[in-house]
Amino acid sequence: MSMIRDLRAVVRPSARPVPRKEAAAPFEPDTTTSSAVVDCAVYRDGARVESGRTLSPQEAMREARRDGGFVWIGLHEPTEAEFAGIASAFGLHPLAVEDAVQAHQRPKLERYDDSLFTVFKTVHYVEHDQLTANSEVIDTGEVMCFTGRDFFITVRHGGQGSLRALRHRLQEDPELLAKGPSAVLHAIADHVVDGYIAVADSVQDDIDEVETEVFSPGRNGGVSRGVDSARIYQLKREVLEFKRAVAPLQRPMQLLSERPMRLVDPDIQKYFRDVADHVARVHEQVMGFDELLNSILQANLAQASVAQNEDMRKITAWAAIIAVPTMVCGVYGMNFKYMPELHWKYGYPVIMSVTVALCLGIHRTLKRNGWL
């Protein structure tokens with residue numbers, strides 16, 4: 001039971017089925033897989049079997065079926081030709097093979113006669129000095145997992161989500177690996193969801209920054225003119241990408257945690273409940289992000305509208321003030337011959353004084369009413 005107690009510490013550092021080939025069936029080496037295979041190893045009694053040379057997937061499978069244990073094969077973006085030999089040797093379902101090669105799949109869990117096919121979307125936060133309208137906040141990838149009685153195959157797409165460090169950590173706990181392929185499946189699920197939690201915290205910081213800018217007072221304590229709406233919209237698009245990775249994963253994690261499966265060790269299955277809880281929590285966060293960004297975007301547009309209205313009021317107020325001297329100049333610019341004020345000694349200073357007084361009076365009234 002010490003292995004079970006240490007499970008979380010280990011994994012968290014910070015179409016018709018193709019018939020399965022029997023052990024007696026020969027495996028022909030397939031050299032076409034060398035460029036896609038990242039690692040291939042046999043694990044027996046929780047320890048990696050060292051053969052002194054690099055085994056092909058077919059050779060590793062033959063050894064595991066002959067002497068016991070299971071094979072863990074890691075591939076990165078294999079082509080259809082590169083994956084064909086492995087798919088045939090391990091009896092993988094054609095539909096699952098097609099999904100694994102083409103990628104761009106939504107998270108899901110599919111059960112076949114002798115294997116489970118699980119799709120995870122990995123999420124990575126892209127560091128940036130300042131959020132702009134073109135900032136990439138979230139980078140996504142995919143990890144497809146084939147879980148069998150004596151094999152575990154991962155197919156990874158994208159530059160993020162390497163499983164090399166996770167493999168090394170698992171190899172340091174033989175008791176955990178002795179539970180078989182389902183222990184690796186749980187470790188990968190937990191690793192992916194832990195990445196979601198870290199990304200959610202970073203996205204929260206970006207949203208807080210935008211929210212502060214939108215609701216901070218403007219110059220001289222006036223109405224804020226908001227921020228560039230394109231920045232908010234770009235962040236909303238990135239959150240939508242995040243939601244596409246998290247939301248569909250809830251159902252697969254519930255199935256793995258609640259429904260007995262012969263390919264999942266009972267001691268491991270209970271720990272999928274913890275992963276399912278974390279997925280649900282992150283999903284709630286992401287949904288909250290989406291709603292909050294909607295509110296921020298609406299508030300930003302409203303503030304921009306208020307700022308424009310304030311500008312229009314100021315323009316109107318100054319236009320009213322300027323209308324007084326304009327009218328006076330217009331009247332006395334008509335140059336009629338019989339205009340008494342034109343020949344009056346004090347006509348000019350009186351008219352200018354009256355004009356200034358009217359302008360000051362209008363200015364004071366408008367300022368008192370908040371138009372200036």
Side-chain angles (χ1 to χ4, degrees), residues 11-14 38 76-77 103-107 119-144 156-166 169 188-219 223-250 275 278-305 307:
V11 299
R12 296 184 182 178
S14 44
V38 177
H76 181 248
E77 298 183 352
H104 304 296
Q105 305 297 318
R106 69 194 303 270
V119 177
F120 300 97
K121 272 194 173 294
T122 58
V123 176
H124 173 72
Y125 180 77
V126 180
E127 297 290 344
H128 48 268
D129 295 331
Q130 184 178 8
L131 181 66
T132 67
N134 299 316
S135 294
E136 183 181 12
V137 179
I138 293 175
D139 183 23
T140 60
E142 293 178 50
V143 176
M144 286 85 162
R156 187 167 58 87
H157 291 268
Q160 305 296 335
S162 174
L163 302 175
R164 187 181 301 276
L166 177 62
R169 288 195 301 272
I188 291 178
D190 203 36
H191 174 73
V192 170
V193 175
D194 276 352
Y196 292 168
I197 295 175
V199 170
D201 292 339
S202 298
V203 172
Q204 179 69 68
D205 293 338
D206 283 337
I207 294 177
D208 290 343
E209 178 183 345
V210 171
E211 185 178 24
T212 300
E213 291 183 23
V214 169
F215 292 101
S216 60
R219 291 179 298 179
V223 178
S224 172
R225 296 182 179 272
V227 300
D228 184 6
S229 297
R231 293 173 57 195
I232 304 176
Y233 186 70
Q234 175 66 13
L235 187 56
K236 184 174 174 60
R237 286 176 60 88
E238 296 296 309
V239 169
L240 177 60
E241 186 72 16
F242 192 8
K243 182 166 66 174
R244 288 172 180 167
V246 177
L249 190 59
Q250 291 190 98
V275 179
H278 286 177
V279 172
R281 192 188 83 182
V282 176
H283 180 254
E284 291 176 356
Q285 279 187 280
V286 174
M287 295 300 293
F289 292 162
D290 193 37
E291 295 177 1
L292 182 58
L293 285 172
N294 283 336
S295 300
I296 292 175
L297 183 60
Q298 292 175 0
N300 188 60
L301 295 176
Q303 286 186 338
S305 177

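The first residue of the sequence shown is numbered 1, and numbering continues consecutively from there. Given the structure is predicted, the values throughout are model-derived calculations rather than measurements.
For D139, the side chain to side chain donor-acceptor pair (under 3.5 Å) test picks out no residue, with sequence neighbours left out. Qualifying side chain to side chain donor-acceptor pair (under 3.5 Å) partners for E238, counting only residues two or more places apart in sequence or in other chains: Q234.
Minimum heavy-atom separation, V275 to A189: CG1-O, 4.1 Å. Nearest heavy atoms, H76 versus G158: NE2-O, 3.1 Å. Across M144 and Q105, no two heavy atoms sit closer than the pair CE-CG, 4.0 Å. Between R244 and P107, the shortest heavy-atom contact is O-CD, 3.8 Å. In terms of heavy atoms, F289 sits closest to A200 at CZ-O, 3.5 Å. Taking each heavy atom of Y196 and A245 in turn, the nearest pair found is OH-O, 3.5 Å.
A donor-acceptor pair under 3.5 Å is absent between the side-chain atoms of E142 and the main chain of V119, judged by distance alone. H283 contributes no side-chain N or O that, together with a main-chain N or O of H278, makes up a donor-acceptor pair within less than 3.5 Å.
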Legend entry - side-chain hydrogen bond (donor to acceptor under 3.5 Å, both in side chains) evaluation trace for Y125 with D205: CA-CA 12 Å; Y125 180 77; D205 293 338; over 6 Å; no
Legend entry - Full working for side-chain contact (heavy atoms from CB on, under 4.5 Å) between I296 and L235: CA-CA 11 Å; I296 292 175; L235 187 56; over 6 Å; no
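Considering CZ of R237 and CG of L293, their distance stands at 13.5 Å, rounded to 0.5 Å. Summarising the geometry, atom NE2 belonging to H191 is positioned 8.0 Å from atom OG1 belonging to T122; distances are rounded to the nearest 0.5 Å. The line from CD of Q204 to CG of L292 is 7.0 Å long, rounded to the nearest 0.5 Å.
Identified under the salt bridge (Lys or Arg N to Asp or Glu O under 4.0 Å) test for residues 279-294, with sequence neighbours left out: K236-D290, K243-D290.
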